[in-house]
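Chain naming here is simple, since letters A, B, ... match the order of the sequence lines and numbering starts at 1 in each.
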Amino acid sequence: MRRRYATVFLMPELPEVETVVRGLRLVLPGRGIVAVRLGKTDFIDDPAALGEVLPGKRIVRIERIGKFIHLALAPAAAPALEPPVKSATRSAAEESDGNSESGINLMVHLGMTGRLSVREASEPAAPHTHGFFELDDGRELRYTDVRRFGRILLVPEPMMAAFRGQLGADALRISVADFRRQLAKRRARIKALLLDQRVFRGLGNIYADESLWQARIHPARLAAGLSGAELAGLRQAIGQVLRAAIRHRGSSISNFVDAEGNAGSYQQRHRAYGREGLPCFRCGTLIRRAIVAGRSSFFCPRCQRAPRAKRARSGKVRWPGARRKISARRNNRPPKNSRAGNKVTA
DNA sequence: CTCGATCCCTGGACGC
DNA sequence: TGCGTCCAGGGATCGA
């Protein structure tokens with residue numbers, strides 16, 4: 001029997017984060033934060049600072065920076081949504097959008113299992129809820145994260161440029177020229193670069209595979225080996241895949257915030273990810289899975305031609321070093337009789 | 001600098 | 001049924 005990947009966590013990549021952001025925008029701007037309560041804090045950069053800094057702040061706007069959710073905060077006393085009176089020392093633009101020096105930014109990365117939701121304060125908290133941001137309307141912005149692979153940090157406004165600078169351009173906004181510049185001479189596997197948020201930000205494992213399938217590029221190919229046409233096609237595929245995914249979530253925006261976040265059915269649109277052993281939508285060849293850049297990668301072996309080689313007999317291939325055994329990846333565990341190999345082969 | 005491997009964490013799937 | 005093991009993944013970190 002084929003190994004199944006039925007458990008579908010919502011894995012927040014660019015489209016999911018964008019959807020969350022759009023949902024939060026409906027309810028959060030203008031709200032003040034009254035108090036902060038925290039559960040486990042090992043995923044928070046400076047837990048104490050949250051309680052010290054956030055109360056008394058007002059949420060000015062919500063943006064997406066790659067996979068980060070960016071809540072811009074300003075002192076609650078500052079003018080709210082209308083343009084402020086002109087000040088001698090600060091421009092109106094600075095104050096109106098919270099960009100003044102006193103501004104602070106709450107950055108939330110959902111990791112794999114993170115959720116942000118707005119609930120009535122009286123409502124029981126979902127398990128693994130570790131962040132409660134009490135609002136001035138009797139509700140709470142809550143952060144829930146089973147695995148705590150997420151991250152929460154505060155970035156003072158003067159540091160925001162540096163914060164943004166650590167990340168690459170947004171996957172939806174990067175120019176074709178920049179896209180090529182970032183990838184054309186890199187010797188890493190294209191899949192690894194698509195996942196590297198410093199190259200450009202927003203893609204995760206799922207949409208990287210989907211984009212590569214769409215562009216008919218094997219995940220293990222070296223970026224430097226891609227032709228100009230292939231790079232252009234890949235850039236286009238990324239845009240198409242991401243925009244389609246965002247559109248697909250459109251109808252569930254309003255209840256995304258307070259729902260469990262699985263209302264979307266984007267997984268029904270997958271053409272490669274999670275489809276090992278199922279026929280390719282283009283050519284009918286069975287989709288395969290390999291470990292590339294340490295991540296499961298799904299591809300059509302016919303549409304996406306492998307870089308020089310190595311069909312694995314076990315059915316699983318690993319680049320580089322395809323000869324090495326896949327087992328014992330962690331903790332020096334002794335390789336057990338390769339169960340994975342047995343299972344994967346049809 | 002560049003790139004790959006490892007580790008973090010948990011619940012669910014699966015083997016026995 | 002129950003217990004143990006494996007696995008998923010974003011990103012920080014380390015080492016080659």
Side-chain angles (χ1 to χ4, degrees), chain A residues 1-17 39-45 65-69 107-115 126-130 143-153 163 166-168 171 182-210 219-225 260 262 267 270 273-276 289-298 316 318-322 324-344:
Chain A
M1 179 153 227
R2 200 175 55 85
R3 190 98 163 75
R4 294 180 312 145
Y5 285 80
T7 355
V8 182
F9 280 95
L10 170 91
M11 283 186 265
E13 300 184 30
L14 187 151
E16 290 71 36
V17 176
K40 293 185 179 177
T41 59
D42 54 354
F43 62 99
I44 300 174
D45 281 29
I65 301 181
K67 299 182 202 171
F68 277 97
I69 297 164
M107 313 300 305
V108 179
H109 196 298
L110 299 177
M112 277 190 66
T113 55
R115 305 274 187 278
H128 305 288
T129 300
H130 298 297
Y143 181 78
T144 307
D145 191 346
V146 173
R147 297 182 195 171
R148 306 201 301 284
F149 273 22
R151 186 180 170 199
I152 294 180
L153 72 157
F163 181 84
Q166 292 173 359
L167 306 168
Q182 286 285 347
L183 296 177
K185 292 180 180 175
R186 299 291 296 272
R187 294 184 167 241
R189 324 227 160 235
I190 184 63
K191 172 75 179 273
L193 294 174
L194 294 184
L195 294 177
D196 187 340
Q197 304 296 297
R198 292 167 301 185
V199 176
F200 60 87
R201 58 206 191 199
L203 279 198
N205 203 38
I206 294 173
Y207 293 109
D209 278 6
E210 292 300 302
R221 290 188 55 194
L222 301 186
E260 258 313 283
N262 48 15
Q267 60 269 29
H270 290 174
Y273 184 84
R275 299 194 66 248
E276 182 184 24
R289 180 171 77 104
I291 304 297
V292 180
R295 295 282 177 257
S296 271
S297 301
F298 299 87
K316 223 191 284 189
R318 182 181 187 161
W319 283 269
R324 258 179 293 167
K325 283 180 185 164
I326 291 193
S327 44
R329 280 174 60 204
R330 301 167 173 240
N331 302 341
N332 298 324
R333 254 178 229 138
K336 299 188 74 172
N337 299 335
S338 79
R339 119 188 332 150
N342 296 339
K343 288 295 168 266
V344 174

Discussion item. Here's a test for you: under side chain to side chain contact (heavy atoms under 4.5 Å, CB included), which of A/E210, A/E276, A/H270, A/R275 qualifies with A/F298?
Written reply: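 Checked A/E210, A/E276, A/H270, A/R275 against A/F298; only one passes side chain to side chain contact (heavy atoms under 4.5 Å, CB included): A/E276.
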
Can you identify which nucleotide, out of [options], has its nearest atom closest to the [X] side chain?
{"X": "A/A192", "options": "C/dA8, B/dG4, C/dG9", "answer": "B/dG4"}
{"X": "A/H109", "options": "C/dG9, B/dG4, C/dG10", "answer": "C/dG10"}
{"X": "A/R186", "options": "B/dG4, C/dG9, B/dC3", "answer": "B/dC3"}
{"X": "A/S296", "options": "B/dG4, C/dG10, C/dG9", "answer": "C/dG9"}
{"X": "A/A188", "options": "B/dG4, C/dG9, B/dG11", "answer": "B/dG4"}
{"X": "A/R289", "options": "C/dA8, C/dG9, B/dT10", "answer": "C/dA8"}

Practice prompt. Indicate, with a heavy-atom threshold strictly under 4.0 Å, whether A/K185 touches base, sugar-phosphate, or nothing.
Written response: nothing

In this structure, how many angstroms lie between the [atom2] atom of [N] and the [atom1] atom of [X], rounded?
{"X": "A/I291", "N": "B/dC3", "atom1": "CD1", "atom2": "C1'", "value": "17 Å"}
{"X": "A/Y273", "N": "C/dG10", "atom1": "OH", "atom2": "C1'", "value": "12 Å"}
{"X": "A/I190", "N": "B/dG4", "atom1": "CD1", "atom2": "C1'", "value": "16 Å"}
{"X": "A/R115", "N": "B/dT10", "atom1": "CZ", "atom2": "C1'", "value": "13 Å"}
{"X": "A/E13", "N": "C/dG10", "atom1": "CD", "atom2": "P", "value": "6 Å"}
{"X": "A/F149", "N": "B/dT10", "atom1": "CZ", "atom2": "P", "value": "9 Å"}
{"X": "A/Q197", "N": "B/dC3", "atom1": "CD", "atom2": "C1'", "value": "17 Å"}
{"X": "A/R148", "N": "B/dC7", "atom1": "CZ", "atom2": "C1'", "value": "14 Å"}

Discussion item. Determine whether A/R198 and A/D196 satisfy the following criterion, salt bridge (charged side-chain N to carboxylate O under 4.0 Å, His left out), listing intermediate values before the conclusion.
Written reply: CA-CA 5 Å; A/R198 292 167 301 185; A/D196 187 340; 3.1 Å; yes

[N] OP1/OP2 closer than 4.0 Å to side-chain N/O of [X]:
{"X": "A/H128", "N": "B/dG11", "result": "yes"}
{"X": "A/R151", "N": "C/dA12", "result": "yes"}
{"X": "A/K67", "N": "C/dG9", "result": "no"}

Worksheet entry | Euclidean distance, A/H109 NE2 relative to A/F149 CZ, rounded to 0.5 Å |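 It comes to 12.0 Å.
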
Worksheet item: For the atom pair CG (A/D45) and CE (A/M107), what is the distance rounded to the nearest 0.5 Å?
Response: 11.0 Å

Worksheet item: Step by step, would you call A/T113 with A/R147 a side-chain hydrogen bond (donor to acceptor under 3.5 Å, both in side chains)?
Response: CA-CA 6 Å; A/T113 55; A/R147 297 182 195 171; 5.1 Å; no

Practice prompt. On DNA chain C, check which nucleotide each of A/G204 and A/R198 is closest to and give me the residue with the more 5' one.
Written response: A/G204

Discussion item. Any N or O donor-acceptor pair under 3.5 Å from the base of C/dA8 to the side chain of A/R147?
Written reply: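 Donor-acceptor pair under 3.5 Å: yes.
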
